[in-house]
Chemist: 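First the structure, then my questions, so here it is.
Within every chain, numbering begins at 1; the chains are lettered A, B, ... in the order of the sequence lines, protein sequences first and strands thereafter.
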There are 2 protein chains.
Amino acid sequence: MSEGVEWALHSCVNLTWLETGEAVTAARLAEYYRLPAAYLNKQLQALARAGILTSTPGPRGGFRLARAPEDITVLDVVTAIEGADDAFQCRELLRSGPGDHEGVDYRKTCVVSQTMRRAELAYRRELAGSTIADLKATVEKRYAWVPGMTRTTFENLRT
Amino acid sequence: MSEGVEWALHSCVNLTWLETGEAVTAARLAEYYRLPAAYLNKQLQALARAGILTSTPGPRGGFRLARAPEDITVLDVVTAIEGADDAFQCRELLRSGPGDHEGVDYRKTCVVSQTMRRAELAYRRELAGSTIADLKATVEKRYAWVPGMTRTTFENLRT
DNA sequence: GGGCTCTTACTCGGATACCGTGTGTCCGAGTAAGTTAGG
DNA sequence: CCTAACTTACTCGGACACACGGTATCCGAGTAAGAGCCC
């Protein structure tokens, strides 16, 4: 799985603590974790395309959350970065084997494919059960100083 | 995810139908689905290293299941091909951020990491719940002619 | 006929190329803020 | 002083290289079967 997923999730959570009506540039989000700014920008673009962030160009521009943290699931972010395809892709191996394949969709009927898909669905269900708001809340509960420290750090980066 | 997983799972199920005490060569297993023999051989080697298959060289050699189909989970096969690492690898992004990181293992404490890991565990749990014997049984129940057809096809490939 | 030896062909196993995707970087189009000049 | 146009610097966005892992292939080490020969 792409490393960008980790970057994207942490950046989204950070954005929830900076919500002051103004956008945050990719450069600042990158500097926070010492990441390559241009490449993080690429990932943020993917989030914007997926409707998770909104991007505004020009001075005082940058990214901000497109909707409430409660309405952004972790699965949304993963899908935006990794794409919507399942990890296991059924290539319909059975079609190359013996037997009659007339009008059969092995993606539906193949037992192997079904088993892998079931696991995939369990994975997605788990990720869809967590929202960015949940992450934010858990961090605030366990590490109460983090939001303030994060805000302060971004303030200092502003200079 | 590697395409070899699909090949490996189908090959394992096929082997359950051919269990006659003698091994099956990678070439024949490959021919069944018109796969590149040398490359399938590579995947079967991985299964052998993982203790799922046993390999015997020389004439009348080949591969056979190392243990009963009930004792081989789908997760075992996936792990043998893909490796034991999680799909999401926590690079401890937080360590590059602000704050004190003395003696902290973010793979354990980071909320993002925990969330991703929980999903990963759900995935694995699902795969660990299905064995090769389960796949075999389901196929035999739904498509009763398959075992016989498979055996016959392999008989013809023997020539 | 039985047993030993040698040949032989066959199998896996790892070492070797090739290619696509993720990783990383760069520069240009567009925009909004700040400035300046005019009314 | 207010307004409007211009300049300017800043941001995203996509186009361009690089690297690594999955894909595919080939040839060699080892082995067991089978033939042949001797007893």
Side-chain angles (χ1 to χ4, degrees), chain A residues 1-8 11 15 21-31 33-64 66 78-85 87-89 91 93 157-159, chain B residues 1-8 11 15 21-31 33-64 66 78 80-89 91 93 157-159:
Chain A
M1 176 172 294
S2 170
E3 195 173 355
V5 171
E6 188 175 7
W7 302 2
S11 294
L15 280 174
E22 61 184 66
V24 183
T25 70
R28 271 190 254 283
L29 284 167
E31 178 63 20
Y33 293 121
R34 320 239 179 233
L35 295 175
Y39 191 33
L40 176 63
N41 186 29
K42 199 178 175 61
Q43 316 290 356
L44 297 178
Q45 282 176 37
L47 295 182
R49 270 193 295 273
I52 296 172
L53 302 182
T54 60
S55 66
T56 56
R60 315 291 281 176
F63 295 92
R64 72 191 73 186
V78 172
T79 299
I81 302 294
E82 290 287 292
D85 288 349
F88 177 86
Q89 287 287 334
R91 306 295 171 86
L93 200 59
L157 286 178
R158 184 177 306 277
T159 57
Chain B
M1 173 172 295
S2 170
E3 194 174 356
V5 171
E6 187 176 6
W7 301 2
S11 294
L15 280 173
E22 61 183 66
V24 184
T25 70
R28 271 190 254 282
L29 284 168
E31 176 64 19
Y33 293 121
R34 318 242 180 231
L35 296 175
Y39 190 33
L40 176 63
N41 186 28
K42 196 178 179 60
Q43 316 289 358
L44 298 178
Q45 282 176 38
L47 295 182
R49 270 194 294 273
I52 296 172
L53 302 182
T54 60
S55 66
T56 56
R60 315 291 282 175
F63 295 91
R64 74 191 72 188
V78 171
I81 302 294
E82 289 287 293
D85 288 349
D86 286 2
F88 177 86
Q89 288 287 333
R91 306 295 172 88
L93 200 58
L157 287 178
R158 185 178 305 277
T159 60

Chemist: In whole angstroms, how far is the C1' atom of dC12(C) from the CG atom of Leu29(B)?
Modeler: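 For the pair Leu29(B) CG and dC12(C) C1', the rounded distance is 13 Å.
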Chemist: Base, sugar-phosphate, or nothing: which does Ala26(A) touch, judged by heavy atoms less than 4.0 Å apart?
Modeler: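 Sugar-phosphate contact only.
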Chemist: Would you mind building the protein contact string for nucleotides 20-37 of chain D? One character per nucleotide, 5' to 3', B for base within reach (heavy atoms under 4.0 Å), S for sugar-phosphate only, - for untouched.
Modeler: ---BBBB---BBBS----
Chemist: Within the pair Thr25(B) and dC10(C), is there a side-chain N or O less than 4.0 Å away from OP1 or OP2?
Modeler: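 No.
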Chemist: If you measure from CH2 on Trp7(A) to CG on Leu29(A), what distance do you get to the nearest 0.5 Å?
Modeler: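 CG of Leu29(A) is found 12.5 Å from CH2 of Trp7(A).
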Chemist: In whole angstrom, give the distance that lies between atom CG of Leu53(A) and atom P of dC12(D).
Modeler: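 Whole-Å distance recorded here is 11 Å.
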Chemist: Apply side-chain contact (heavy atoms from CB on, under 4.5 Å) to Ala37(A) and list each qualifying residue two or more places apart in sequence or on a separate chain.
Modeler: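 Ala37(A) satisfies side-chain contact (heavy atoms from CB on, under 4.5 Å) with Ala30(A) only.
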Chemist: Once you round it to whole Å, what is the distance between P of dG24(C) and CZ of Arg34(A)?
Modeler: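 Value for this atom pair: 17 Å.
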Chemist: Working to the nearest 0.5 Å, report the span between CG of Leu40(B) and OG of Ser11(B).
Modeler: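 If I round to the nearest 0.5 Å, the distance is 5.0 Å.
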Chemist: Using the rule side chain to side chain contact (heavy atoms under 4.5 Å, CB included), only one of Leu44(B), Leu15(B), Leu53(B) pairs with Val24(B); which is it?
Modeler: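 It is Leu15(B); the other options fail the test.
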Chemist: Quickly work out the Glu22(A) CD to dT11(D) P distance and round it to whole Å.
Modeler: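 Interatomic distance, CD of Glu22(A) to P of dT11(D): 12 Å.
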Chemist: Grab the CG-P distance between Leu35(A) and dG24(C) for me, whole Å please.
Modeler: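 Roughly 9 Å, once rounded to whole Å.
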Chemist: Looking at Glu3(A) and Arg91(B), does any basic side-chain N land under 4.0 Å from a carboxylate oxygen?
Modeler: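 Judged by the 4.0 Å cut-off on N to carboxylate O distance, Glu3(A) and Arg91(B) do form a salt bridge.
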Chemist: Report yes if a side-chain nitrogen or oxygen of Arg49(B) is closer than 4.0 Å to either non-bridging phosphate oxygen (OP1 or OP2) of dG14(C); otherwise report no.
Modeler: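 Arg49(B) to dG14(C) OP1/OP2: side-chain N or O found under 4.0 Å.
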Chemist: If a pair satisfies side-chain hydrogen bond (donor to acceptor under 3.5 Å, both in side chains) and one of its residues is in residues 40-60 of chain B, list it, with sequence neighbours excluded.
Modeler: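 Non-adjacent pairs meeting side-chain hydrogen bond (donor to acceptor under 3.5 Å, both in side chains): Tyr39(B)-Gln43(B).
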